[in-house]
Protein chains: 2
Amino acid sequence: MKRSDRLIGITNYIIEHPMQLISLPFFAETYQAAKSSISEDLTIVNNMLQNEGLGYLESVAGASGGVKYVPQYDKQQSETYIESLCRRLEDPERLLSGGYLFMSDILGEPITVRMIGRLFATRFASLNIEAVVTVATKGIPIAYAVASFLNVPVVIVRRDPKITEGSTVSINYVSGSSRKIQTMVLTKRSLEQGAKVCIIDDFMKAGGTIDGIKSLLKEFDAEVAGIGVLAEAEDEEDERVVTDYTSLIKISNVDVRSQQIDVQKGNYFEMEE
Amino acid sequence: MKRSDRLIGITNYIIEHPMQLISLPFFAETYQAAKSSISEDLTIVNNMLQNEGLGYLESVAGASGGVKYVPQYDKQQSETYIESLCRRLEDPERLLSGGYLFMSDILGEPITVRMIGRLFATRFASLNIEAVVTVATKGIPIAYAVASFLNVPVVIVRRDPKITEGSTVSINYVSGSSRKIQTMVLTKRSLEQGAKVCIIDDFMKAGGTIDGIKSLLKEFDAEVAGIGVLAEAEDEEDERVVTDYTSLIKISNVDVRSQQIDVQKGNYFEMEE
């Protein structure tokens with residue numbers, strides 16, 4: 001097989017298997033090429049991934065070594081992308097009662113959701129995350145997008161136990177903004193004890209839901225290494241019960257009556273590299 | 001930029017943008033190359049995609065023409081993949097009361113879900129689908145996977161209306177197996193009138209849920225061009241209210257007491273090309 005063909009095959013394979021150690025012999029066998037040729041191919045792929053701002057190939061030396069594609073999306077491109085998402089979101093027609101924002105159309109777009117996942121994965125790639133935890137329903141697509149770039153499973157906390165899940169652990173928690181008592185449920189066999197996880201959700205106001213997830217995860221001795229929310233409502237900052245999180249978007253000055261809303265970049269872009 | 005670099009960039013772009021018409025000038029400008037060079041690149045990419053059993057590039061002639069990546073996963077590879085999924089699923093420990101099967105671990109794996117999406121997209125790619133419709137919660141990840149390959153939005157039917165959704169259309173329907181009356185809700189602005197859609201879900205017993213979705217979609221004058229379920233319970237065949245569907249997996253002879261279960265390939269593999 002020619003180099004040009006191998007480069008296409010390798011690029012596709014690597015993009016589909018991020019954060020996974022792939023051995024040189026695997027590629028050598030798949031494409032019937034010498035390991036030295038594969039090694040050169042990988043150098044070309046690595047350079048181009050970096051040029052395109054998509055991340056890099058990490059080399060792992062030794063007998064059980066190989067390469068691992070680490071998705072690291074370019075900061076400038078990320079900022080441009082989120083800026084354009086902010087412009088789409090600040091349409092006053094999106095305002096719903098309770099200070100919520102209609103985002104279902106945007107969260108229904110697979111390419112948008114994948115890009116959001118790419119950004120959180122960029123931030124969390126170095127944390128050795130073992131699972132992405134989210135709560136039904138709206139956080140699910142973003143959680144899968146993040147998980148697909150981190151190559152780890154998704155664990156879904158539910159509001160209601162389902163017969164198809166087997167035995168569960170549940171907690172009651174107080175919703176941050178409405179002060180209502182709510183329930184959260186997680187199937188016992190869905191998460192191993194002591195796992196290192198990140199929590200992903202679409203929207204955070206006071207943070208009661210995420211605080212509830214954290215309490216539930218304590219029952220599994222899980223370590224929460226990161227928290228990512230697509231949008232945070234900045235007006236709720238004073239009442240916030242969750243402080244250590246990453247947001248892509250900040251929504252503030254929501255005034256349903258005068259149809260006013262400010263949508264800005266989140267704290268994702270404030271942190272140092 | 002060298003051909004080898006362009007091939008990597010083009011492959012990545014095409015994989016991330018399936019079913020989307022991409023003009024030659026777009027690539028020519030992005031990679032600062034002559035259109036004739038890009039045209040040759042695309043021929044190489046097309047041949048390799050076909051070799052790898054991943055689909056092909058469709059050429060669209062004319063001034064507004066270009067290429068479109070049509071994901072068509074190889075039949076033999078699909079069959080091998082689903083066979084291995086069947087073997088994982090027929091573990092008697094997965095049996096839950098009510099004849100359900102524990103699949104949350106498998107549906108939590110992004111790579112598995114993406115492959116399932118790839119297979120349904122292969123079947124539905126020629127139908128000009130405009131949206132993928134699913135019902136919360138378990139069908140959501142599969143629906144996004146299908147939608148990402150078809151490059152269309154996902155629309156999520158809910159069991160309960162949410163304040164963050166705006167005005168909704170709802171219907172009551174009778175669950176096929178439990179004969180209980182249930183409710184389904186779809187936000188008005190989530191789907192355009194007259195759209196051509198496919199319905200995706202994880203599990204089908206008698207088909208009451210999917211029949212409910214179909215009724216709800218009638219309120220939007222939507223045309224249901226395809227129905228895809230990951231697993232169907234074959235024992236419920238006699239009571240089935242939905243007949244025109246594609247399944248990847250068939251579950252039969254479920255006997256919770258004797259811990260017995262048969263998991264076989266679904267009707268996906270029975271149909272002609």
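Residue numbers start from 1 in every chain, and the chains themselves are labelled A, B, ... in the order their sequence lines are given, proteins ahead of strands.
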Hey, are the side chains of [X] and [Y] touching, using non-hydrogen atoms and a 4.5 Å cut-off?
X      : Y      : answer
A:L186 : A:T168 : no
B:S4   : A:M48  : no
A:L85  : A:I106 : yes
B:M184 : B:T209 : yes
B:F203 : B:I251 : yes

Would you mind checking which part of [X] comes under 4.5 Å of any heavy atom in chain A, side chain (CB onward), backbone (N, CA, C, O), both or neither?
X     : result
B:N12 : both
B:I8  : both
B:N47 : neither

Heavy-atom pair of closest approach, residues A:A121 and A:Q72: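 Taking A:A121 first and A:Q72 second, the nearest heavy atoms are O-NE2, 4.4 Å.
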Considering all heavy atoms, the nearest B:L230-B:D202 contact: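 Minimum heavy-atom contact is CB-O, 3.3 Å.
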Side chain, backbone, both or neither: which part of [X] has a non-hydrogen atom closer than 4.5 Å to chain B?
X      : value
A:S190 : neither
A:V152 : backbone
A:D5   : both
A:L54  : side chain
A:T187 : side chain
A:I111 : side chain
A:V45  : both
A:N151 : side chain
A:I15  : side chain

NZ or CZ of B:R6 within 45° of B:Y31 ring axis and under 6.0 Å: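 Pair B:R6/B:Y31 does not count as cation-pi.
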Given the options [options], which has more heavy-atom pairs under 4.5 Å with chain A than any of the others?
options                      : result
B:R189, B:E16, B:M1, B:E52   : B:R189
B:A147, B:A136, B:A131       : B:A147
B:N51, B:I156, B:I10, B:L107 : B:L107

N/O donor-acceptor pair under 3.5 Å between A:Q32 side chain and A:E29 backbone: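 Yes.
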Between A:F27 and A:Y13, ring centroids under 6.0 Å: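 Centroid separation for A:F27 and A:Y13: below 6.0 Å.
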Top of A:K2, A:R118, A:R3 for chain B proximity - count of heavy-atom pairs under 4.5 angstrom: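 The option with the most such pairs is A:R118.
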